[in-house]
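A short worksheet on the structure shown next.
Positions are given from 1 along the sequence.
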Amino acid sequence: MMKKESGFVLVTGMVFLVVLTIIVIYMLRGSIMQERMTGNSIDRQRALQAADAVLREAEDIVAAGGPPFDPFLIDGFSANCASGLCKNLSKTSNLWNSISWSATSSLKLSLLNFHSSKVANPYYVIELVSPPGWTAAEGCAMATYRIVAKGVGKTGAEAVVQSYFQSRPKVCR
């Protein structure tokens with residue numbers, strides 16, 4: 001005669017599998033969240049590095065001279081930041097919010113080649129904070145520029161960096 005089975009082991013095994021599945025799902029959710037956070041951090045670093053690279057390029061351009069930096073030409077700078085050269089904006093505390101980052105009002109990085117799959121082309125603007133003065137004894141005094149650069153990562157992370165840069169043009173006009 002066969003003994004009647006009650007199925008207790010089957011029910012216990014099924015409950016154990018459901019609990020184990022729930023634990024695994026929560027562990028996977030945590031891992032996916034950590035992967036997303038790491039990806040966002042990497043994208044932010046790429047944007048920051050792009051902004052820093054374009055900032056250094058702008059500083060090199062100012063230091064190398066050439067119009068409007070040397071000889072200094074005040075007409076090269078405008079209130080609407082035409083060609084990425086701005087004047088009379090220093091009262092604005094957040095220059096990066098008050099300008100348009102389109103190609104018409106800011107300068108795109110030209111010396112370095114960024115791969116479009118990693119980061120969008122960064123931009124910068126150069127603001128004339130204080131123009132050089134002129135004295136007969138010294139010639140041109142130092143001009144002060146505020147350089148603001150913006151980098152954008154692959155997934156949209158943004159980084160804005162700025163520096164103040166001084167240069168002495170050989171000729172003031």
Side-chain angles (χ1 to χ4, degrees), residues 21-132 142-169:
T21 302
I22 290 171
I23 292 171
V24 168
I25 288 172
Y26 277 106
M27 288 174 59
L28 283 175
R29 283 186 63 204
S31 295
I32 290 170
M33 181 64 73
Q34 288 177 359
E35 186 176 334
R36 286 182 184 164
M37 290 185 330
T38 302
N40 288 339
S41 178
I42 289 170
D43 196 47
R44 172 85 166 91
Q45 284 298 315
R46 285 181 181 148
L48 183 61
Q49 290 173 3
D52 191 51
V54 78
L55 180 76
R56 301 296 167 233
E57 179 191 3
E59 288 175 348
D60 290 344
I61 289 170
V62 173
F69 306 108
D70 193 8
F72 180 77
L73 303 169
I74 191 75
D75 296 339
F77 298 87
S78 66
N80 65 355
C81 295
S83 301
L85 303 174
C86 312
K87 72 175 179 180
N88 299 330
L89 295 176
S90 59
K91 294 179 181 122
T92 305
S93 61
N94 294 329
L95 176 64
W96 54 89
N97 287 330
S98 64
I99 62 167
S100 171
W101 287 101
S102 67
T104 58
S105 65
S106 59
L107 300 172
K108 194 182 278 192
L109 180 68
S110 59
L111 296 179
L112 300 174
N113 184 17
F114 279 86
H115 302 291
S116 61
S117 64
K118 300 280 184 186
V119 65
N121 280 330
Y123 291 90
Y124 65 90
V125 293
I126 301 172
E127 177 192 6
L128 176 62
V129 176
S130 65
M142 297 290 255
T144 303
Y145 305 96
R146 177 167 59 164
I147 303 169
V148 180
K150 178 182 178 183
V152 180
K154 181 180 177 183
T155 61
E158 294 182 354
V160 177
V161 294
Q162 74 176 5
S163 72
Y164 285 87
F165 192 83
Q166 289 188 317
S167 97
R168 181 187 310 272

(Q) If we check ring pair (Phe, Tyr, Trp, His ring centres under 6.0 Å) with Tyr145, which of these qualifies: Phe69, Phe165, Tyr124? (A) Phe69
Q) Looking only at heavy atoms, what is the nearest atom pair of Asp43 and Gly156, with distance? A) OD2-N, 3.5 Å
Q. Using the ring of each side chain (for Trp, its six-membered ring), is Phe72 parallel, tilted or perpendicular to Phe77, with breaks at 30° and 60°?
A. parallel
Q: Please say which of Leu55, Val54, Val148 ends up in a side-chain contact (heavy atoms from CB on, under 4.5 Å) with Val161.
A: Leu55
Q.
Can you tell me how far apart CZ (Arg46) and OG (Ser41) are? Round to the nearest 0.5 Å.
A. 10.5 Å
Q) At their closest point, which heavy atom of Gly151 faces which heavy atom of Ala51, and how far apart are they? A) N-CB, 3.5 Å
**Q.** Partner set under side-chain contact (heavy atoms from CB on, under 4.5 Å) for Ile25, not counting sequence neighbours
**A.** Thr21
Q: Only counting residues at least two apart or in another chain, list the ones meeting side-chain contact (heavy atoms from CB on, under 4.5 Å) with Arg44.
A: Leu48, Ala157, Ala159
Q.
Any non-hydrogen side-chain atom of Ser167 less than 4.5 Å from a side-chain atom of Asp70?
A. no
Q: Nearest 0.5 Å please: distance from the CD atom of Glu35 over to the CG atom of Leu28.
A: 11.0 Å
Q. Do Glu59 and Ile147 come within less than 4.5 Å of each other through their side chains, counting heavy atoms only?
A. yes
Q. Is the shortest heavy-atom distance from the side chain of Leu128 to the side chain of Leu85 under 4.5 Å?
A. no
Q | Lys/Arg-Asp/Glu bridge criterion (N-O < 4.0 Å) met for Asp52, Arg56 | A | yes
**Q.** Residue pair Lys150 / Val160: nearest heavy atoms and the distance that separates them
**A.** CG-CG2, 4.1 Å
Q: Mind checking side chain to side chain donor-acceptor pair (under 3.5 Å) for Asn40 and listing every partner two or more places apart, or none if nothing turns up?
A: none
Q | Thr38 (side chain) donor-acceptor with Gln34 (main chain) under 3.5 angstrom | A | yes
